[in-house]
2 protein chains.
Amino acid sequence: MNIGKASLATGVSAKMIRYYESVGLIRPSERTESNYRDFSERDLNDLRFIRRARSLGFSVEEISRLLSLWRDRNRPSREVKAMAEKHVADLDARIKEMQAMADALRDLSRCCAGDDRPDCPILSDLAGSPAAASQGVTP
Amino acid sequence: MNIGKASLATGVSAKMIRYYESVGLIRPSERTESNYRDFSERDLNDLRFIRRARSLGFSVEEISRLLSLWRDRNRPSREVKAMAEKHVADLDARIKEMQAMADALRDLSRCCAGDDRPDCPILSDLAGSPAAASQGVTP
DNA sequence: CTAAACCTTCCCGTCATGGGAAGGTCAATG
DNA sequence: CATTGACCTTCCCATGACGGGAAGGTTTAG
């Protein structure tokens with residue numbers, strides 16, 4: 001199966017497949033006489049695995065580890081679980097950061113008239129105006 | 001004020017200041033006779049503005065627009081508010097994606113024994129096992 | 001005067017991905 | 001059988017927002 005079919009069959013773009021090969025995430029596939037890549041069913045399964053793992057936000061490096069655990073029949077599930085939990089923690093941290101940004105901006109937005117006038121608490125905040133806009137107790 | 005002091009005064013690294021200049025986010029500062037950058041108070045205010053905007057997740061391109069709005073005394077606050085709302089929407093979308101990832105992984109993790117045994121619903125899921133692990137109604 | 005601590009520019013690496021050029025191969029159609 | 005279009009190959013470049021570090025000039029403290 002050439003790279004185009006493999007791409008269709010797995011949802012991983014041809015570009016990505018070549019990239020994954022180049023960084024050692026997948027083993028180089030077989031080649032035909034004319035030097036076309038030739039993917040086996042097993043290769044396709046690896047690609048599907050990678051695609052799913054990417055969709056869960058794992059980095060290529062993490063997936064590399066996950067792939068070897070997958071291939072190791074004697075892996076302790078402990079290791080996999082630890083990776084998953086670490087990744088969840090990373091995600092949660094990033095989510096929290098972004099939540100803080102969004103919340104701060106929502107606050108500022110709420111206080112901005114959003115009309116033709118130039119007065120704008122959002123810009124005031126960015127400019128470091130001490131009189132920022134958080135409807136809270138301003139003593 | 002040279003770039004080191006400016007960096008200390010604004011919390012923007014010297015590298016970043018040069019970068020912002022190179023991409024046209026800030027105007028090139030004055031230079032001393034010996035070609036050192038020489039920042040004015042106004043430059044520092046711009047840098048602080050940028051720092052705050054970056055901390056709210058705005059891209060350099062968006063900040064470029066925000067800076068011109070800030071400098072324009074006749075800006076309609078409508079434009080600023082629109083940018084803020086768009087950015088909040090972007091953040092929310094990304095947060096939602098990451099939440100979905102984290103939730104899915106938490107589900108899988110919960111079902112993984114995490115011990116010495118090799119059986120692992122996380123790997124099964126990545127491998128596309130139809131018998132995935134979502135404690136739900138499996139008919 | 002010298003050495004440390006600055007500054008300058010320039011180039012490379014990150015991470016996962018897309019774009020595109022130049023050139024070889026395969027399949028279907030005239 | 002030849003052509004054409006749709007593939008494939010490798011190689012290089014770009015993204016965004018930085019950081020690292022080299023080579024060389026400047027300032028400042030001792």
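Throughout, a chain's letter reflects where its sequence line sits, starting with A, and its residues are numbered from 1.
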Exercise for the section: Look at A/Arg37 and D/dC8 and indicate whether a side-chain polar atom (N or O) is within less than 4.0 Å of OP1 or OP2. Expected result: no
Completion exercise
To the nearest angstrom, the CD1-P distance between A/Ile17 and D/dT10 comes to 13 Å
Handout entry: Base-contact (B) and sugar-phosphate-only (S) positions in nucleotides 10-22 of chain C, heavy-atom cut-off under 4.0 Å, - elsewhere
Key = B-----BBSBB--
Exercise for the section: Determine to 10° how strongly the helix from C/dC1-D/dG30 to C/dG30-D/dC1 is bent, judged from the axes of its five-pair ends. Expected result: 20°
Practice task
Give a yes or no on whether A/Arg27 atom CZ has more than 12 heavy-atom contacts from other residues, nucleotides or ligands under 6.0 Å away.
Solution key: yes
Handout entry: Whole-Å distance separating the CG atom of B/Asn2 from the C1' atom of D/dT28
Key = 12 Å
Exercise for the section: Starting from P on C/dA27, measure out to OH on A/Tyr36 and report it in whole angstrom. Expected result: 9 Å
Handout entry: Partners meeting side-chain contact (heavy atoms from CB on, under 4.5 Å) with B/Phe58 (sequence neighbours left out)
Key = A/Leu105, B/Ala53, B/Leu56, B/Glu62, B/Ile63, B/Leu66, B/His87
Completion exercise
A/Asp38 CG to D/dC7 C1', in whole Å, measures 15 Å
Practice task
Please check the phosphate of D/dT27 (OP1 and OP2 only) for any side-chain N or O of B/Ser34 closer than 4.0 Å.
Solution key: yes
Practice task
Check DNA chain D against residues 87-105 of chain A and give the residues with a non-hydrogen atom under 4.0 Å, in numerical order.
Solution key: none
Identify every side-chain donor-acceptor pair in residues 6-17 of chain B under 3.5 Å, counting partners at least two apart or on other chains, and give the distances.
unit_1	atom_1	unit_2	atom_2	d
B/Ser7	OG	B/Val12	O	2.8
B/Thr10	OG1	B/Ala6	O	2.8
B/Thr10	OG1	B/Val12	N	3.3
B/Ser13	OG	B/Met16	N	3.1

Exercise for the section: Return the minimal non-hydrogen interatomic distance between A/Arg54 and A/Val60, and the atom names on each side. Expected result: NH1-N, 4.4 Å
Exercise for the section: May I ask you to verify if any side-chain N or O of B/Asn35 is less than 4.0 angstrom from the OP1 or OP2 atom of C/dT8? Expected result: no
Problem - A/Lys5 NZ to D/dC8 C1', straight-line distance once rounded to whole Å - result: 12 Å
Handout entry: Interatomic distance, B/Ile3 CD1 vs D/dT27 C1' [rounded to whole Å]
Key = 16 Å
Practice task
Ignoring hydrogens and angles, state whether a donor on the side chain of B/Asn45 or B/Arg48 is under 3.5 Å from an acceptor on the partner side chain.
Solution key: yes
Problem - Short side-chain N/O contact from B/Arg31 to OP1 or OP2 of D/dT26, under 4.0 Å - result: no
Exercise for the section: Any chance you could measure A/Ser68, atom OG, to A/Glu79, atom CD, to the nearest 0.5 Å? Expected result: 9.0 Å
Practice task
Can you tell me the distance, in whole Å, between the CD atom of B/Glu33 and the P atom of D/dT26?
Solution key: 11 Å
Handout entry: Interatomic spacing from CE in B/Met101 to OG in A/Ser55 - rounded to 0.5 Å
Key = 7.0 Å
Handout entry: Nearest-0.5 Å distance that lies between atom CD in A/Glu41 and atom CG in A/Asp46
Key = 11.0 Å
Fill in the blank from the handout: Closest heavy-atom pair, B/Pro121 versus B/Cys111, reported as atoms and distance to 0.1 Å, is CG-O, 3.1 Å
Problem - A/Phe39: partners by ring-ring contact (aromatic ring centres under 6.0 Å, His included), with sequence neighbours left out - result: none
Problem - Distance (rounded to the nearest 0.5 Å) between B/Cys112 SG and B/Asp125 CG - result: 11.5 Å
